[in-house]
Asks: 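Sending over a structure as structure tokens; questions will come in a sec.
So you know, we letter chains A, B, ... as the sequences are listed, proteins then strands, and number each from 1. In this text, all values refer to a predicted model and were calculated from it rather than measured experimentally.
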Amino acid sequence: MRDVTCELCPRYCTIPEGGAGDCRVRVNIDGKLVATTYGRPSSVHIDPVEKKPLYHFHPGSEVFSIATAGCNLHCRNCQNWQLSQRGGEEMERIYRAEPKDVVDVALAENCHSIAYTYSDPIIFYEYVYDTSVLAHDHGLKNIFVTAGYINEKPMRRLCRVIDGTNIDLKAFDDGFYRRNCSGSLKPVLDAMVIAREEGVWLEVTNLVIPTLNDDMATVRRMAHWIRENLGEETPLHFSRFTPHYQMRNLPPTPVESLHRVWNEARDAGLKYVYVGNIYGHKSESTYCPNDNTRLIHRVGFSVEEYNLTRDGRCPVCRQSVSGVW
Amino acid sequence: MMRRRFLALLAVFSGGLLTRRSIPTGRQRELSLHEADFYKPHDLAG
């Protein structure tokens with residue numbers, strides 16, 4: 001019997017022959033580590049890039065979005081648990097889609113990018129990598145939507161083929177990760193720094209959960225850490241929690257809480273702070289950090305008005321706005 | 001006649017229950033990517 005150790009994420013699962021790692025989908029077959037969902041997505045959709053959410057990355061573009069079953073975190077509040085907390089063999093529906101098929105269909109549907117999303121694409125890493133290489137060959141961009149629970153070496157390698165990423169920072173609190181996600185905080189922070197160092201466009205999401213991660217001191221520390229380590233121009237999305245999966249005992253995030261965390265992050269010096277999951281909220285839009293001109297007006301995932309210049313500046317004061325435009 | 005109605009009713013109810021119960025296993029369908037409805041509304045985050 002030959003065990004194998006998966007070195008992709010900080011779990012370092014040692015997997016016996018015939019067994020699977022914690023993510024359910026990376027298995028030991030005859031002493032070899034096999035990613036069983038390679039070429040086998042279970043969710044395939046075309047979404048606006050704003051849904052990822054990426055607000056400073058080709059706004060208004062359409063994204064061919066794929067995910068396979070499995071995840072290397074087990075968040076009690078997971079919104080996509082029917083996909084993420086199952087192995088491939090448990091899915092009712094699986095598509096046959098080799099990297100070439102994904103790229104061909106993305107092109108045929110006039111998509112601008114391919115997103116690896118919904119579950120955590122870390123666990124279908126090889127599929128992401130191969131598809132991304134082929135996508136670049138055909139002029140498509142690659143978007144990686146992740147919780148960032150990955151080791152340094154594979155993250156740096158992936159950054160060579162990824163153009164934009166949204167990393168979900170679930171809380172600036174290691175205890176939260178341990179209690180609610182069966183993970184830890186440090187690898188996530190490291191992954192964000194690596195994305196920044198490697199030149200991948202980065203936006204950060206924080207789901208605000210009542211009583212669990214919404215205290216102002218923690219939010220302040222998180223915002224300061226982002227400013228110091230990722231830069232004040234890093235977009236931060238505060239997202240509204242709604243009860244899901246094993247966390248149905250808590251109410252949706254009050255709108256006032258989102259206003260408070262938004263103010264806290266702005267006071268900490270972050271220039272682009274957004275509120276998500278509240279349809280029509282004014283903080284869905286992008287404003288000039290210099291003169292407060294509305295640069296991109298969003299309603300839900302739709303771009304209603306786009307006022308940035310072609311080189312990504314405020315048309316009134318010429319302030320440069322960070323992003324990939 | 002009554003028996004047939006009863007069985008039909010039973011089939012409707014058990015069908016509903018079975019659908020819910022059988023989500024996790026045993027009904028896997030492998031489809032070509034072209035069979036996906038890319039624009040179908042969905043509630044997946046991300």
Asks: Is chain B contacted by the side chain of A:D168, its backbone, both, or neither, given a heavy-atom distance below 4.5 Å?
Replies: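 Neither part; nothing is under 4.5 Å.
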Asks: Any idea which of B:S32, B:A45, B:A36 has the most non-hydrogen atom pairs under 4.5 angstrom with chain A?
Replies: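 The candidate making the most pairs under 4.5 Å is B:A45.
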Asks: Could you tell me which portion of A:V44 (side chain, backbone, both or neither) has an atom closer than 4.5 angstrom to a non-hydrogen atom of chain B?
Replies: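 It is both, since atoms from each part get that close.
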Asks: What's the verdict on side chain to side chain donor-acceptor pair (under 3.5 Å) for B:H42 and A:D47, showing C-alpha distance, side-chain angles and the deciding distance?
Replies: CA-CA 10 Å; B:H42 64 92; A:D47 295 328; 2.9 Å; yes
Asks: I'd like to know if A:R40 pairs up with B:E30 as an ion pair, taking the criterion as any Lys NZ or Arg NE/NH1/NH2 lying under 4.0 Å from an Asp or Glu carboxylate oxygen.
Replies: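 A salt bridge is present here (some side-chain N lies under 4.0 Å from a carboxylate O).
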Asks: Using a cut-off of under 4.5 Å for heavy-atom pairs, which of A:V105, A:D101, A:T117, A:V145 has the most such pairs with chain B?
Replies: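 Of A:V105, A:D101, A:T117, A:V145, A:V105 has the most heavy-atom pairs under 4.5 Å with chain B.
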Asks: When you compare the side chain of A:R96 with that of B:L33, does any pair of heavy atoms fall below 4.5 Å?
Replies: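 No, side chains not in contact.
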Asks: Under 6.0 Å between ring centres: does that hold for A:H45 and B:Y39?
Replies: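 Centroid separation for A:H45 and B:Y39: 6.0 Å or greater.
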Asks: Mind ranking B:D37, B:L31, B:D43 by heavy-atom pairs under 4.5 Å with chain A and telling me who comes out on top?
Replies: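 Top count of heavy-atom pairs under 4.5 Å with chain A: B:L31.
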Asks: Identify which part of A:T205 has an atom lying under 4.5 Å from any heavy atom of chain B, answering side chain, backbone, both or neither.
Replies: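 Neither the backbone nor the side chain of A:T205 comes within 4.5 Å of chain B.
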Asks: So does B:L44 get a backbone contact from the side chain of A:N80, meaning a donor-acceptor N/O pair under 3.5 Å?
Replies: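 No, because the side chain of A:N80 does not come within donor-acceptor range (under 3.5 Å) of the backbone of B:L44.
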Asks: Measure distances from A:E109 to the heavy atoms of chain B and classify the residue's part below 4.5 Å as side chain, backbone, both or neither.
Replies: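 For A:E109, the contact with chain B is made by backbone and side chain together.
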